[in-house]
Structure formats: C-alpha cells, structure tokens
Trainee: 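The following block contains the structure, expressed as structure tokens.
As the structure lists them, so they are numbered: ligands from 1, and atoms in each ligand from 1.
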Amino acid sequence: MRTPFLAGNWKMYKTPKDTQAFFDAFLPLVAGATGRDAAICPPYIDLHVAIAAAAGSKVGIGAQNLAAGKEGAMTGEISGYMLKAIGCRYVIIGHSERRQYFGENEAGVLSKARAALEYGLAPIVCVGELLAERESGSTEAVLAAQFDGGIAPLAPEQFAKIVIAYEPVWAIGTGKTATPQMAQEAHGAIRLLLNGHIGAAAGAKVRILYGGSMKADNAEALLAQPDIDGGLVGGASLEPRGFIKIVQAAQKLAPQRGQS
Ligand code: PEP
C-alpha cells in the first residue's frame, strides 16, 4: 500500500523568521490530517527552525540538495551525514533546476541518492522531460534514460526507501500543469520501469509524486490517478492555507492504492 505523500519544495524562499511563521500557521491546520505523509523542504538556513517547529508533529523535514560523501574539503557543501545529524528525513535530488543551473547529471544523481541512503535519508529523486522532448515524442525515452542512469543502479533493497518525483520541466513554476491523463501516462511508464527492474510487487510499493504547478484546484484530479501517489509542490507550498488544501485532497484518496 502506498500512503500519499505531499512534499513542499520551498526553493530559495523564506528566512528563518518566515519559516517559524509558516509552521505556526500550518501545524494547527495539519494536526488532524491522517492517512498521508507530509514534508517541507526549506533552504538549508531554515532547517533548524523547521525541525524544531515540526518536532512532535507528523510533518517531516527535508533538504533540497546534498553533497555526496560524509565530510571533507568541499567549500559551501552540506552532506547527508550532516543533514541526518540535525534531524532531516528527506532530501530532494536531481531537481530540474539543479540539472539546468548547476549541471547535475545522472551520475551525480546516482551518487547523491546513494549518499542519502547511506546516511539514512529518503531521497526524492526527480525525473522529467523538457518541453522540446515532449513535443518530439521522446518523453518515455527521457524518463527511461533518467531512470537507467540515476535510479536503476541502486541496490534492489534500496528501492523500498526512495521516492520518485515526475516533474515535467515545462510545468514547473509556469502555471502549466500536465493534464491528469498526461501525468498518469508518465507515472505509468515509470511504474513499468520499476516493475521491470525490481519486480511488480516491489515496484507497486514505490511512491511516485507529481510536480509541476500543482495547486489546490488541480490537486484532486491529479491525485485521483492510479499511479500518482502525491505531489512535490513548489509555489503552492509556500502558503499554509494553500498547502493544506493539497494535503487534504490527498487525504481523501488514502489509503486505497498499491495493493497487489
Ligand atoms: C518544484 O519546484 O518541484 C515544483 C513542482 O514547483 P511548482 O509547484 O512551483 O511548479
């Protein structure tokens, strides 16, 4: 069974003071929510405040990136070992903004996913096609290449601890959302890759989140698709009242999927 999972990606927004204000408003709203997992991934400088604020709640905290390795002469970097030490549970890996602006590729995604798992963090590994790739009909080939290079080489038992986020790059921060059918097609393709690689029983347990302009008014239709197990939510996670509506949309669907 796959429990719906909603993770907020705050990107480069919010100071520690803003973070405290978010949790002061969000935690009472989310307190009664059951049957789903929720997480917030703030900037590094906000992690301490977020972890302290969320302590005792069911909201997990994650980082948006990590460096492979434990420690060393790596100016400006933060490792999974360090993130775990302060209480992070998740880390986003291979977000398209990191691929686009920081040159991340499949080899880097794989080594970061391995580092996350080594230090006890659940990696949220992002995959997704560019607009030109969708328009040329190569979405499934792109997803397969990203899966083969960045995810498939993990050890079979590690798949139980990962989350995959399908994020069509053309839908991120643009207000353009994949239709529920388009998103389901891509999620179905990823599920088939998983099933082919680790078997259908294990593949049915991996959560695949949708990301790309998910909001309160489109979340329910997206989350109703059989292979959409939650969302990686950017802009709409910055505001407590908007994000809680997405969490509540997921809650309506729980716990009814992935039984095989
Ligand atoms: C993201 O940053 O992962 C994302 C999906 O952003 P947005 O929801 O703003 O499109």
Trainee: Is any side-chain N of the basic residue among Asp229 and Arg2 closer than 4.0 Å to the acidic one's carboxylate O?
Mentor: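 Salt bridge between Asp229 and Arg2, a charged N being under 4.0 Å from a carboxylate O: yes.
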Trainee: Take Glu104 and Lys112 through the salt bridge (Lys or Arg N to Asp or Glu O under 4.0 Å) test and state the conclusion after the steps.
Mentor: CA-CA 10 Å; Glu104 294 201 355; Lys112 288 184 177 194; 2.6 Å; yes
Trainee: Under 3.5 Å, N or O to N or O, is Ala236 touching ligand 1 that way?
Mentor: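 No, there is no polar N/O contact under 3.5 Å.
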Trainee: Is it true that Arg99 and Glu106 make a salt bridge, defined as a side-chain N closer than 4.0 Å to a carboxylate O?
Mentor: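 Here Arg99 pairs with Glu106 in a salt bridge, since their nearest N and O are under 4.0 Å apart.
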Trainee: If we only count N/O pairs under 3.5 Å, is Gly173 in contact with ligand 1?
Mentor: yes
Trainee: Check the angle between the aromatic planes of Tyr166 and Tyr210 and answer parallel, tilted or perpendicular using the 30° and 60° thresholds.
Mentor: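 Tyr166 and Tyr210: tilted rings.
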Trainee: Does any N/O atom on Ser213 come nearer than 3.5 Å to any N/O atom on ligand 1?
Mentor: yes
Trainee: Note the single closest protein heavy atom to atom 3 (O) of ligand 1, along with its residue, its atom name and the distance in Å.
Mentor: Glu167 OE2, 2.7 Å
Trainee: For atom 1 (C) of ligand 1, find the nearest protein heavy atom and state the residue, atom name and distance (0.1 Å precision).
Mentor: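 Minimum-distance protein heavy atom for atom 1 (C) of ligand 1 reads His95 NE2, 3.2 Å.
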Trainee: Can you tell me if Ala171 has a non-hydrogen atom under 4.0 Å from ligand 1?
Mentor: yes
Trainee: Under 4.0 Å between a side-chain nitrogen and a carboxylate oxygen: does that hold for Arg207 and Asp37?
Mentor: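 Salt bridge flag = yes for Asp37 with Arg207.
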Trainee: Applying a 4.0 Å heavy-atom criterion (strictly less than), which segment of Ile172 is in contact with ligand 1: side chain, backbone, both, or neither?
Mentor: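 Answer for Ile172: both.
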Trainee: Any N/O of Gly234 closer than 3.5 Å to an N/O of ligand 1?
Mentor: yes
Trainee: I need the nearest protein heavy-atom contact for atom 9 (O) of ligand 1: residue, atom name and distance, please.
Mentor: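 Result for atom 9 (O) of ligand 1: Gly235 N, 2.9 Å.
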Trainee: Just need the protein heavy atom nearest to atom 2 (O) of ligand 1, so name the residue and atom and give the distance.
Mentor: Lys11 CE, 2.6 Å
